[in-house]
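Side-chain atoms are counted along with the backbone in the values below, which use heavy atoms only and exclude waters and symmetry mates.
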Amino acid sequence: MAYPVGMKSSIEKVELTRKNRLHSECPRMAPDEKAVLLKGFHPDFKDGDKLKLRCGVNKGERVPKVMAEYIEAPSRLDLASVDLSQADYKTDVLVIGGGGGGATAALTASENGADVLIATKLRLGDSNTIMAEGGIGAATYPEDSPVIHYIDTMVGGRFKNIPEVVEALVHDAPGIVSWLSGLGVNFDRKADGSYFAHMPAGHSAKRSHSIKDITGLEIMRALCDEVRNRQISVLEFSPAVELILDEEGRCAGAVLEDLDIGKKIVVEAGAVIMATGGMGRLHPNGFPTSNHYGATADGIVMASRAGAKLLYMEYVQYHPTGVAWPEQMLGLLLSEALRAQGAEVVNSDGEAFVNRLETRDALAAAILRECGQREKGAVTPTGVAGVWLDTPMIDLKCGPGTFLKRFAGIDHRFKKYGIDPSKEPLLVYPTQHYQNGGVKINVNGETNIPYLYMAGEVSGGVHGHNRLGSNSLQDIFVFGRRSGSHAAEFYRKSPAKKMVLNHVQAHTEELDALGLVTDKTSPLLLPDYKFEKALVSAQYSTDIGEAQ
Amino acid sequence: MKAVEIKKIPIYVMGKKFEVPEELTILKALEYSGFDIKRGCGCRGGVCGACATVYRRKGEYKINTGLACQTVIEPEINLVQLPFVSTRKSLIAIREVEPESLDIVKAYPELMRCMGCNTCTKSCPVDLKVMDYVSAVIRGDLAEVVELSIDCVMCGMCASRCPAELTPFNIALFVRRVYGMHMLPESEQLRSRLQEIEDGIYTEELTKLKTMLNDDMQARFLELQANKGASI
Ligand SMILES: Cc1cc2nc3c(=O)[nH]c(=O)nc-3n(C[C@H](O)[C@H](O)[C@H](O)COP(=O)(O)OP(=O)(O)OC[C@H]3O[C@@H](n4cnc5c(N)ncnc54)[C@H](O)[C@@H]3O)c2cc1C
Ligand code: SF4
Ligand code: SF4
Ligand code: FES
């Protein structure tokens with residue numbers, strides 16, 4: 001299905017302006033200009049899409065509306081159905097979530113001598129990590145340094161990041177590239193063996209290390225293989241549904257739900273590392289998402305119910321360049337590397353309206369403004385508006401064949417639908433991409449609940465209000481390593497006197513007392529796309545487009 | 001939402017007929033039909049290989065393979081889900097492998113059963129030259145294996161169709177890890193950066209930055225941005 005006739009006329013306009021645009025870049029925005037744009041058009045600043053939580057330790061925290069709906073819902077766990085006096089599994093360290101953060105934490109805890117069990121919702125490795133295309137950020141180039149990486153990360157995060165945690169990130173990052181290489185990850189290299197890196201938006205140096213456009217896939221395959229080789233126990237299709245505490249409120253394990261047979265599984269653990277990832281499949285603000293099927297914010301729900309403090313949950317990252325056409329790929333992500341390599345963002349008249357290297361928040365807001373208020377979006381037959389990512393510029397700037405060489409995966413996926421991205425631009429619209437906030441952590445990945453750790457997207461503080469591209473993959477490995485080794489050393493050595501789910505009972509009682517009634521239960525585990533809901537993903541972006 | 005007229009087409013899921021909007025992917029068609037998807041779905045974006053599936057077009061004898069999240073349905077297509085492909089993998093510790101004397105056939109003796117039938121290549125949903133990388137494994141050309149197999153999504157289709165019962169994707173993963181771990185050169189640049197960090201040469205400046213005023217840091221950032229080179 002190539003581009004329909006209706007969209008062709010806009011593509012012609014893009015082609016007409018391309019030659020001139022090759023030599024003149026749209027200027028970067030001044031800080032105040034950016035602030036005005038964000039205030040006016042970024043969904044984070046839109047009132048009515050955020051609610052203050054009405055219950056639990058995080059009462060008063062502003063969170064996305066959908067997030068509040070799930071945090072304020074009763075537990076999906078029927079307390080009468082579990083017998084905590086009989087643990088089905090006992091382990092030193094329980095890792096919840098089998099993405100990059102979880103696998104790293106498990107490997108590290110195991111290397112450090114702990115007995116480890118991984119419980120995950122889908123298959124080991126089915127995660128956001130496997131989808132990462134762009135790269136992993138680390139200051140390995142001579143002209144770069146951890147100091148510059150620190151500055152970029154803080155500025156990108158609007159100075160709200162926890163300084164010590166960012167220091168840990170930039171300090172460990174180069175070592176992580178080395179660790180991953182040591183696991184057999186085939187990073188892109190230059191002829192002399194040094195790493196190839198590119199400079200994503202918001203960074204001041206070439207820093208993002210990639211493996212073609214399948215960075216996450218290559219890393220996740222190696223991590224899963226290593227988990228299997230070390231024979232670490234893995235329970236697949238067994239998501240956690242609640243954390244278990246001891247009588248002093250310290251973490252003591254989790255209840256899992258076997259997705260195939262529905263059975264509840266009680267795991268007693270000396271420490272729990274939660275690496276459940278993000279929230280995209282809740283579709284905050286009604287946006288499409290780039291996230292995998294299991295990204296339903298379960299970790300946030302379980303942890304806050306158990307008393308863990310949240311930080312910056314209201315800040316959601318919308319990736320500026322989600323696919324808007326073809327329909328079948330709606331919401332999927334087009335890597336930042338495309339822009340780094342030279343592709344500009346232009347409107348339906350072929351005009352560049354924003355610098356291609358603006359930070360994600362600013363670029364997303366600019367696209368929403370272009371498709372909304374300014375009515376300069378190109379509209380698809382299904383009524384979705386978008387702007388053009390001018391991918392043919394890549395070969396024009398870097399030489400014929402560059403696109404195919406660097407972006408074979410993207411090329412392959414679009415060609416299936418009759419679109420050749422090295423010759424035709426791609427229609428894009430912002431897509432929910434990343435949860436900037438999460439459960440507050442310190443430099444060891446510890447939370448305010450003893451024996452409960454967080455690693456990766458579920459945690460909050462590393463990225464402040466806004467994460468820079470390539471910093472998240474780095475985050476999951478740095479804090480996967482840190483939490484894994486800390487937990488392996490400091491897990492509770494003597495069994496908990498008594499395991500309890502009092503906090504779940506208390507949550508139900510609090511909802512009753514507040515008169516909060518809902519037909520939902522949580523955590524959600526998997527989104528419901530049955531019947532007409534299979535099509536909703538196509539409607540989200542239209543709703544937003546029209547709301548503006 | 002503008003009212004868009006939805007045209008429906010008939011499909012068969014495990015022999016049962018459903019009417020669903022045209023141009024859906026197989027995955028969305030199953031969901032639209034009302035199936036509760038737990039297995040057979042991961043990234044929904046064509047990279048995790050969880051949704052490997054087989055289907056038959058109307059009137060055709062051929063069984064096609066594909067990724068359910070990437071393949072678009074056609075009228076009267078016959079669908080089925082493949083929730084799991086059982087395979088074997090070698091547990092040899094990659095770190096201890098010596099590439100010079102590497103005997104992959106020892107880890108995967110079934111390699112010698114390959115009869116060059118090319119079924120694996122024909123069944124790969126991401127169009128890899130699977131048979132070619134299997135022959136490269138047998139020849140011991142590890143670089144070629146990396147090159148030809150790097151986009152493998154580990155969907156298992158090749159293994160499930162191989163008449164000689166090989167597991168090409170596990171063999172390729174093994175080779176890629178051996179190659180990445182032992183054959184790629186150490187980067188001098190990275191080594192010296194790690195040394196600098198170990199020597200603590202950034203510690204003092206990082207410590208200062210932690211208490212720096214936001215405006216000052218913003219100013220340094222703008223300076224850095226002004227002086228940075230090209231993005232590639
Ligand atoms: C399309 C895409 C491209 C990206 N590109 C980049 C990039 O180029 N660079 C970069 O730095 N970042 C990138 N990111 C972001 C980055 O990949 C993720 O933020 C990061 O991988 C998250 O890792 P994680 O381990 O925290 O979570 P995930 O990798 O999502 O893993 C979470 C795991 O927990 C499981 N889980 C969820 N709930 C439960 C439960 N209740 N019980 C048990 N298990 C559960 C999930 O199934 C999953 O396996 C990208 C993200 C996406 C979606
Ligand atoms: S090589 Fe095999 S496992 Fe890999 S993508 Fe192709 S069919 Fe799937
Ligand atoms: S299908 Fe099996 S036997 Fe045939 S070429 Fe591929 S690996 Fe060899
Ligand atoms: S769901 Fe991951 S490849 Fe289809």
Side-chain angles (χ1 to χ4, degrees), chain A residues 122-123 126 130-131 140 142 145-148 150-152 154-155 159 163 167 171 174-175 177-178 181-182 184-186 189 193-195 198-199 204-205 212 214 217 221-222 225 228-229 237 259 292-293 327-328 332 340-341 357 382-383 408-409 412-413 416 526 529-531 534 539 542-543, chain B residues 1-2 4 21 23-25 28 31-32 34-39 41-48 50 70 72 89 91 93-94 126-127 146 150-151 153-154 173 176-181 184-190 193-194 197 202 205-206 209-210 214 217-218 220-221 224-225 228 231-232:
Chain A
L122 303 163
R123 302 174 313 169
D126 288 346
I130 205 169
M131 305 182 78
T140 65
S145 81
V147 170
I148 306 178
Y150 181 96
I151 296 172
D152 292 345
M154 292 299 289
V155 172
F159 303 107
E167 183 186 36
H171 174 273
V177 174
S178 167
S181 299
V185 170
N186 291 278
R189 303 291 192 105
S194 64
Y195 291 82
H198 56 94
M199 179 165 21
S204 302
K212 298 176 56 172
I214 49 148
L217 174 62
R221 282 183 307 215
D225 195 55
R228 303 279 188 214
N229 279 358
F237 296 95
L259 283 185
H292 85 291
Y293 192 40
E327 175 80 23
Q328 294 83 359
L332 291 186
Q341 292 272 45
L357 295 179
T382 43
H412 184 88
R413 280 186 251 166
K416 275 202 173 158
L526 291 173
Y529 294 143
K530 286 197 291 291
F531 307 113
Q539 283 158 20
T542 321
D543 288 347
Chain B
M1 178 68 190
K2 292 184 191 80
V4 180
E23 293 195 346
L24 292 185
T25 57
K28 284 189 183 173
E31 290 172 332
Y32 190 91
F35 287 86
D36 205 355
I37 310 279
K38 283 180 184 151
R39 288 177 178 260
C41 175
C43 65
R44 303 178 71 96
V47 294
C48 78
Q70 298 293 298
V72 178
K89 84 168 223 76
L91 290 178
I94 314 256
V126 294
D127 300 340
V146 176
I150 192 93
D151 288 319
V153 297
M154 312 278 291
L173 174 59
R176 282 194 308 273
R177 289 195 62 201
V178 168
Y179 190 82
M181 199 182 284
L184 283 179
E186 202 199 350
S187 155
E188 187 48 39
Q189 201 166 283
L190 178 59
R193 176 53 42 83
L194 292 175
I197 291 175
Y202 300 108
E205 204 172 354
L206 280 172
L209 283 176
K210 283 190 283 177
N214 293 352
M217 206 183 299
Q218 178 78 39
R220 267 198 76 179
F221 173 74
L224 286 165
Q225 286 280 309
K228 71 178 187 190
S231 57
I232 44 163

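- At a threshold of 4.5 Å between non-hydrogen side-chain atoms, the residues B:Cys48 and B:Met154 do not count as touching.
- Looking at A:Ser145 and A:Tyr150, their side chains never bring a donor and an acceptor atom within 3.5 Å of each other.
- Heavy atoms closer than 4.5 Å to chain A are found nowhere in B:Val178, neither backbone nor side chain.
- Closest approach of B:Leu206 and A:Val147 over heavy atoms only: CD2-CA, 4.1 Å.
- Within the 4.5 Å cutoff, side-chain heavy atoms of B:Arg193 are placed close to those of B:Tyr202.
- A heavy-atom distance below 4.5 Å is not found between the side chains of A:Met154 and B:Gln218.
- When the candidates A:Ile130, A:Asp126, A:Val155, A:Leu332 are compared by the number of heavy-atom contacts under 4.5 Å with chain B, A:Val155 comes out ahead.
- With a 4.5 Å cut-off on non-hydrogen atoms, B:Leu173 touches chain A through its side chain but not through its backbone.
- Neither the backbone nor the side chain of B:Glu188 comes within less than 4.5 Å of any heavy atom of chain A.
- Looking at A:Arg228, both its backbone and its side chain come within 4.5 Å of chain B, counting heavy atoms on both sides.
- Contact annotation for B:Leu194: only side-chain heavy atoms (C-beta onward) come within less than 4.5 Å of a heavy atom of chain A.
- Both the backbone and the side chain of A:Ala222 come within contact range of chain B, with heavy atoms under 4.5 Å apart.
- A distance of 6.0 Å separates CG of A:Leu526 from CG of A:Leu259, quoted to the nearest 0.5 Å.
- Between chain B and the residues A:Val185, A:Leu122, A:Ile151, the largest count of heavy-atom pairs under 4.5 Å involves A:Ile151.
- Note on A:Met131, A:Lys530, A:His171: by heavy-atom pairs under 4.5 Å with chain B, the leading option is A:Lys530.
- Top candidate by heavy-atom pairs under 4.5 Å with chain A, chosen from B:Leu24, B:Ile197, B:Thr25, B:Val153, is B:Ile197.
- Using a 4.5 Å cut-off between heavy atoms, B:Val47 touches chain A through backbone and side chain atoms alike.
- Between A:Phe237 and B:Arg39, some side-chain heavy-atom pair lies under the 4.5 Å cut-off.
- The shortest non-hydrogen separation linking A:Ser204 to B:Gln225 is OG-NE2, 3.1 Å.
- The candidate from A:Arg221, A:His412, A:His292, A:Arg413 with the greatest count of non-hydrogen atom pairs under 4.5 Å with chain B is A:Arg221.
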